[in-house]
Protein chains: 2
Amino acid sequence: MKQLNQGARLAAILQLLEEKAFWAVSELADRFEVSEETIRRDARHLEQSGVIQKMHGGISATSNKIEAPYRIRFRENVAAKQRMAQTAAALVREGMTLLLDSGTSCHWLARSLAHMQNLTIVTNSVEIAHEILGNPGQRLLLAGGPVNQIHHAAFGPEASAFCRRFAPDLTILSMSAVDPERGFLDFDADEAAFKQPLLERARRVVVLADHTKFAKSGFIQVASFADVQDLVTDLEPPASTVQAASLSGTRLHVSEDTPGDHHKGNVDLV
Amino acid sequence: MKQLNQGARLAAILQLLEEKAFWAVSELADRFEVSEETIRRDARHLEQSGVIQKMHGGISATSNKIEAPYRIRFRENVAAKQRMAQTAAALVREGMTLLLDSGTSCHWLARSLAHMQNLTIVTNSVEIAHEILGNPGQRLLLAGGPVNQIHHAAFGPEASAFCRRFAPDLTILSMSAVDPERGFLDFDADEAAFKQPLLERARRVVVLADHTKFAKSGFIQVASFADVQDLVTDLEPPASTVQAASLSGTRLHVSEDTPGDHHKGNVDLV
DNA sequence: CAATCATGTGACATATTGTGGGAATTAAAT
DNA sequence: ATTTAATTCCCACAATATGTCACATGATTG
């Protein structure tokens, strides 16, 4: 192929990506008879305009389907979420009825429960419902209504009324923020309004909150420490939070990352 | 297989996991002509993003659990279902409100609607809800309640009452059997009891039924031809069925397989 | 002619890969 | 059940490959 100017080359690259999903930088440099650095600059330009995706070794077509933000969040901090899920799963016994809140942490917990039999799961999360249906031998009760596009869950009055009909053995909630003084908080008003009534009928409340939640402070209080029997997290919380939990009798389950140290297990304070 | 760079290799591994649930490290190293350690590192990357599960000796798809029967059915007769979905999608306009019944045909339709904006989807199917949440710019109203393990959808009174609150532009139903004399039938009593009331408030009823449904005859009548404005199917139905449809003014949309003949399109009788 | 832009080159930073040693896991044998 | 052997895994290091940046050159444009 002969020398093309930049515009023609960019267009040609896009054309080539129709044929093959991935092109190595060296391939393109060779084909257009320019230096690899030029191709890399082209790649940077195209990536800036979101048309392609730069990868190590070359460029690839952007996935034509924009992934929903929820599903991106689901894949962030996977290791920590999996550890928390394992820790929380240890609280579950066969035959139990669980109320599983929406949120990616609860979603990972649902996945960790795959092997358990004879569970009844009540949830308002479409993602968790979808997950549970992949687990044979688990009953699913789904709260419906208008579905929130951000959280992929129903928070409306239908969902609220539905969930209040049950008295689950464990009420498992995720929280957006944990504050030593104000307890557990949320940013979303609908979400908070959905969770709050669940506390009244709850026998045992388990909250999942990774360490990033200790640095935040939402603006709607959902629960105090006294409402929560178990708090599962991935890193030791600040001393003030540990103390607040201790004073209210909230058990703290820290599932730390312990590479090469498999017998240490979880640190359960109180 | 030739040497691939990391990105291409990761994608290829995910592709391979579609074929076989478990791949040994040695197998993959062999296939990609890289060292086993490289494969292990790939595995670590993929596990970090939660896409696969690392096992001793190899990697496996996260869901090494038995795939739910629904999800197996979803992958059967894909070509026919996709054609029917395309045909049905042609009836949908932006801004519409759709009631989408459960069933794999409707599920494929939901997928075909991915590119459309500003749709409002009412459904009782967890699978369809999950699909819709992957389509940006579509509103989702989910009917809840106890979820049927076979159909992955809610058929209970909560779901029924919820759906009856809406007057959708299109009411799209799948049916288990089509009989020239008795109309549209079902095998499942709960499912039938859910669908029947939807017909009353429906403005326009679209039924999806592939050709296998013409050979069956369920035992619960859900609708007569007079209730149904459009019938989408993949092959020309028996003459008696065509006549029954014609007499009741039911439009017949046959999305036949027309390889290399893209302008023939659908056969619309009446 | 000055200013801007595209390109190539080389120096340096970052990422990926293979190798070998030692820990961990599994399988086999006692 | 306990020990032994084989396999597999993880880590650290070195080599290679790739990416980024800064600067110089030549082309293009106003």
Side-chain angles (χ1 to χ4, degrees), chain A residues 1-17 20-62 78-80 82-83 86 115 255-266, chain B residues 1-17 20-62 64:
Chain A
M1 180 161 302
K2 41 172 179 223
Q3 282 271 14
L4 297 174
N5 60 20
Q6 191 186 34
R9 204 173 49 240
L10 294 181
I13 289 174
L14 291 178
Q15 187 63 36
L16 289 174
L17 281 168
K20 192 160 66 118
F22 182 92
W23 290 84
V25 172
S26 56
E27 258 179 316
L28 295 170
D30 204 33
R31 177 180 279 256
F32 294 118
E33 293 177 11
V34 293
S35 73
E36 302 202 341
E37 177 58 21
T38 299
I39 296 295
R40 292 202 186 91
R41 273 189 279 244
D42 290 348
R44 282 193 280 264
H45 288 150
L46 290 171
E47 190 182 45
Q48 290 242 323
S49 53
V51 197
I52 61 113
Q53 205 157 356
K54 211 152 44 92
M55 314 204 41
H56 198 94
I59 66 181
S60 72
T62 351
V78 171
Q82 279 182 331
R83 287 199 308 277
Q86 289 295 333
H115 62 282
S255 50
E256 300 218 37
D257 191 8
T258 55
D261 185 4
H262 288 283
H263 61 276
K264 186 178 175 185
N266 309 322
Chain B
M1 180 163 299
K2 56 178 171 205
Q3 281 271 14
L4 296 174
N5 55 23
Q6 192 187 36
R9 204 173 49 239
L10 294 181
I13 289 173
L14 291 178
Q15 187 64 36
L16 289 174
L17 282 167
K20 193 159 65 117
F22 181 89
W23 290 83
V25 172
S26 56
E27 259 179 314
L28 295 170
D30 205 33
R31 177 180 278 257
F32 294 119
E33 293 177 12
V34 293
S35 72
E36 302 202 341
E37 180 57 23
T38 299
I39 296 296
R40 290 201 189 89
R41 274 189 279 242
D42 289 348
R44 267 170 256 164
H45 287 149
L46 290 171
E47 190 181 45
Q48 286 280 315
S49 57
V51 194
I52 61 117
Q53 203 156 357
K54 216 151 37 92
M55 322 253 316
H56 199 91
I59 67 181
S60 74
T62 28
N64 54 352

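Sequence lines set the chain letters: A, B, ... in the order given, protein chains first and strands last, and positions in each chain run from 1. Keep in mind that the numbers below use all heavy atoms, side chains included, and drop hydrogens, waters and symmetry copies.
Between A:Asp42 atom CG and A:Leu28 atom CG the span is 8.5 Å, to the nearest 0.5 Å. Rounding to the nearest 0.5 Å places CD of B:Gln53 at 5.0 Å from OG of B:Ser60. Taken to the nearest 0.5 Å, the CG atom of A:Leu16 stands 12.0 Å off from the CZ atom of A:Arg9. Residue A:Leu14 holds its CG atom at 8.0 Å from OG of A:Ser49, rounded to the nearest 0.5 Å.
Close to C:dT17, at under 4.0 Å from its OP1 or OP2, lies a side-chain N or O of B:Arg9. Distances shown here put every side-chain N or O of B:Arg40 at or beyond 4.0 Å from the OP1 or OP2 atom of D:dT8. For C:dG8, one of the phosphate oxygens OP1 or OP2 lies less than 4.0 angstrom from a side-chain nitrogen or oxygen of A:Thr38. Listed pair B:Lys54 / D:dC10 meets the phosphate criterion, a side-chain N or O lying under 4.0 Å from OP1 or OP2.
Here the side chain of B:His56 is nearest to one of C:dG8, D:dT8, C:dT17, namely D:dT8.
The CE atom of A:Met55 sits 13 Å away from the C1' atom of C:dT16 (whole-angstrom rounding). The separation between B:Glu36 atom CD and D:dC9 atom C1' is 10 Å, rounded to whole Å. Separating the CG atom of A:Asp42 from the P atom of D:dT20 is a distance of 13 Å, rounded to the nearest angstrom. Counting to the nearest Å, the P atom of D:dC10 and the CD atom of B:Gln48 are 11 Å from each other. Atom-to-atom, CD of A:Glu27 to C1' of D:dT18 comes out at 15 Å; the value is rounded to the nearest Å. Rounded to whole angstrom, the span from the CD atom of B:Glu37 across to the C1' atom of D:dA15 amounts to 15 Å. Atom CZ of A:Arg44 and atom P of D:dT18 are 16 Å apart (whole Å). For the pair A:Leu28 CG and C:dT7 P, the interatomic distance rounds to 14 Å; values are reported in whole Å.
Across all strands shown, A:Gly7 has no heavy atoms under 4.0 Å from either base or sugar-phosphate atoms.
Between B:Arg40 and B:Glu37 there is a salt bridge, with a side-chain nitrogen of the basic residue lying less than 4.0 Å from a carboxylate oxygen of the acidic one.
No donor-acceptor contact under 3.5 Å links the side chain of A:Arg41 to the base of D:dG19.
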